[in-house]
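First the proteins, then the strands, lettered A, B, ... as listed; each starts at 1. A quick note: this is a predicted structure, and the numbers were derived from the prediction, not measured.
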Protein chains: 2
Amino acid sequence: MARVSQTRLAVLGALSVRPMTGYAVRAAITDTLGHFWSESFGQIYPALAGLEAEGLVRRTGVGATSGAVFALTPSGQRTLRGLLAEPFVPAPPRNGLLLRLFFGRQLGVEACRELLTEALNRTRTAAAQLERVRSESTYEDPTPDQPYWLMTLSAGEHATRAQLAWLEESIAALDALGE
Amino acid sequence: MARVSQTRLAVLGALSVRPMTGYAVRAAITDTLGHFWSESFGQIYPALAGLEAEGLVRRTGVGATSGAVFALTPSGQRTLRGLLAEPFVPAPPRNGLLLRLFFGRQLGVEACRELLTEALNRTRTAAAQLERVRSESTYEDPTPDQPYWLMTLSAGEHATRAQLAWLEESIAALDALGE
DNA sequence: AGGTACATGTAAGTAGTTACATGATTAC
DNA sequence: GTAATCATGTAACTACTTACATGTACCT
C-alpha cells in the first residue's frame with residue numbers, strides 16, 4: 001500500500017530514454033514532462049545516489065562537461081518496468097484556485113476576477129507551450145516512444161482547452177454577479 | 001514566498017460556512033470540496049489546535065454528540081480573507097497516470113490499455129458524482145455563496161468531460177497501435 | 001450485545017521544496 | 001573578463017499520509 005517513490009520512477013524513466021547526468025535529468029523532466037511532472041535537484045541527486053547504491057543505475061564516465069553520466073543497468077531496466085506496472089493510486093486532489101474560488105464570497109467579486117484572469121494568463125501560456133511542442137513533434141522522425149508521448153501531449157491539450165473554456169465562462173459569470 | 005499552509009485556509013473556510021467539530025470539518029471537506037480538495041485528520045486536528053492557540057477559532061461548547069464545536073473569531077474571519085487574497089502559487093504538476101503513459105513503451109500496449117481503462121472507470125464515477133451534486137443544487141435555495149460553489153462545480157464538469165474525451169481517444173489510439 | 005457513526009488525537013514515516021554553497025566550462 | 005550554463009550536493013523546513021490508539025452515542 002505504501003506509495004512508491006514516484007521520483008525514482010521518473011528518474012529511471014528519464015534514463016531509459018538515454019544515459020545522462022543528474023542535471024540533464026532535471027532538464028529533461030522540466031522540458032519534456034513539464035506539463036504534467038516536476039522534480040527538484042533536492043530530489044534528483046539523492047534519488048540517483050540511492051539508485052546507484054542499489055545497482056539500478058551506474059556511472060558510465062564523465063560527459064562533455066564535467067558531470068557523471070548515469071545509465072540504467074539491466075536490473076534498473078527491470079525495476080522500471082516493475083514500478084510502471086504497479087497499480088497506481090491517484091494523488092488526492094488539491095486545487096488552490098478552486099479552494100479560493102469556493103470561498104469567493106469572502107474574497108469579493110473583483111478579487112475573484114483577478115484570480116481567474118491570472119489563471120487565464122497562465123493557461124494561455126501553457127497552451128502556447130503545448131502548441132510549440134506539438135508543432136515540433138510534426139517534424140521529428142517517429143520513434144517507438146512517440147505514440148505514447150503524443151498521448152500525453154494530447155492530454156495536456158484537452159485539459160488546457162477545458163480550463164480555458166471554464167475560465168472564460170466563469171469570468172463572464174462573475175461579471176454578471178458584479179453588476 | 002513561503003507557501004502558506006493551505007490546510008489552515010481550508011479549515012478556516014469550512015468554519016466560515018458554519019461552526020462545527022473537527023470531525024465535521026473533515027466530512028464537509030470530503031463531501032463538498034471532494035472533487036478538488038482533501039484533508040486528513042492528521043492535518044485537521046493539529047491545525048485546529050494551532051488556530052485556537054492563535055485566537056483565530058474558539059470552542060463554542062459541545063455539539064449534539066460529544067465533540068467540541070469550533071467557530072471563527074473576528075480575527076479568524078480577517079485572517080481567512082487575508083489568506084484568500086494572497087497571491088497563490090499553483091502546485092507543481094504531478095500526474096502519475098501521464099508519467100506512466102509517457103514511458104508506455106516499457107510497459108507494453110496491453111498494460112497501458114488497462115491503466116487507461118481503470119482511469120476511465122474512475123473518471124466516470126467522478127462524473128456521476130458531479131452530476132448528483134449538480135442535480136441537488138437545482139433544488140436548493142440560492143445562497144450568496146451558491147454562485148461560487150457552482151463555478152467550482154462547473155470546473156469539475158469541464159475537467160471530467162475533457163478527461164473522458166482524452167481517455168476514449170487514447171484507448172482507441174492504443175488499439176490501433178496494438179494491431 | 002453488536003455495529004455504525006461520531007469524535008479526538010499522536011507518532012512514524014514519506015515526500016517534497018527552497019535556499020544555500022560550490023565549482024567547472026563555454027560563449028561572447 | 002564576465003556572464004550564462006552546466007554540474008553537484010546538503011540542510012532546514014513544510015506538508016502530508018497512514019496507522020495506531022481510544023472512547024462515546026445511538027440504533028437495532
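Using a 4.5 Å cut-off between side-chain heavy atoms of Ile, Leu, Val, Met, Phe, Trp and Tyr, with links allowed through other members, L12(A) and W149(A) fall into the same hydrophobic cluster.
Cation-pi geometry between R59(A) and F70(A) is not met at under 6.0 angstrom from the ring centre and within 45 degrees of the axis.
Computed from coordinates, the Y23(A) OH to dC6(D) C1' distance equals 5 Å when rounded to whole Å. One atom, CG of L48(A), and another, C1' of dT10(D), lie 15 Å apart when rounded to the nearest Å. The interatomic distance linking Y45(A) (OH) with dT22(C) (C1') rounds to 12 Å, in whole Å. Distance CE (M20(A)) to C1' (dT5(D)): 18 Å, rounded to an integer number of Å. The CZ-P distance, from F70(A) to dA7(D), rounds to 12 Å in whole Å. Counting to the nearest Å, the P atom of dA12(D) and the CZ atom of F41(A) are 21 Å from each other. Taking atom CD1 of residue I44(B) and atom C1' of nucleotide dT17(D), one finds them 12 Å apart after rounding to whole Å. Straight-line distance from the CD atom of E39(B) to the P atom of dA15(D): 11 Å, rounded to whole Å.
Along DNA chain C, the nucleotide nearest P46(B) and the nucleotide nearest A24(B) are compared for position; the residue whose nucleotide lies closer to the 5' end is A24(B).
The closest side-chain donor-acceptor pair between S154(B) and E169(A) falls under 3.5 angstrom. W37(B) and E39(B) share a donor-acceptor pair across their side chains, judged by distance under 3.5 Å alone.
Close to dT14(D), at under 4.0 Å from its OP1 or OP2, lies no side-chain N or O of T7(B).
For R134(A), the CZ atom counts as densely surrounded, since its 6.0 Å shell holds more than 12 non-hydrogen atoms of other residues, nucleotides or ligands.
Nearest nucleotide to the side chain of S38(B), out of dT17(D), dG9(D), dA7(C): dT17(D). Here the nucleotide nearest the side chain of S40(B), chosen from dG9(C), dT8(C), dT17(D), is dT17(D). When each of dT8(C), dA15(C), dT8(D) is scored by its nearest atom to the side-chain atoms of Q43(A), the top-ranked nucleotide is dA15(C).
G42(A) comes within 4.0 angstrom of a nucleotide base, judged by non-hydrogen atoms across all strands.
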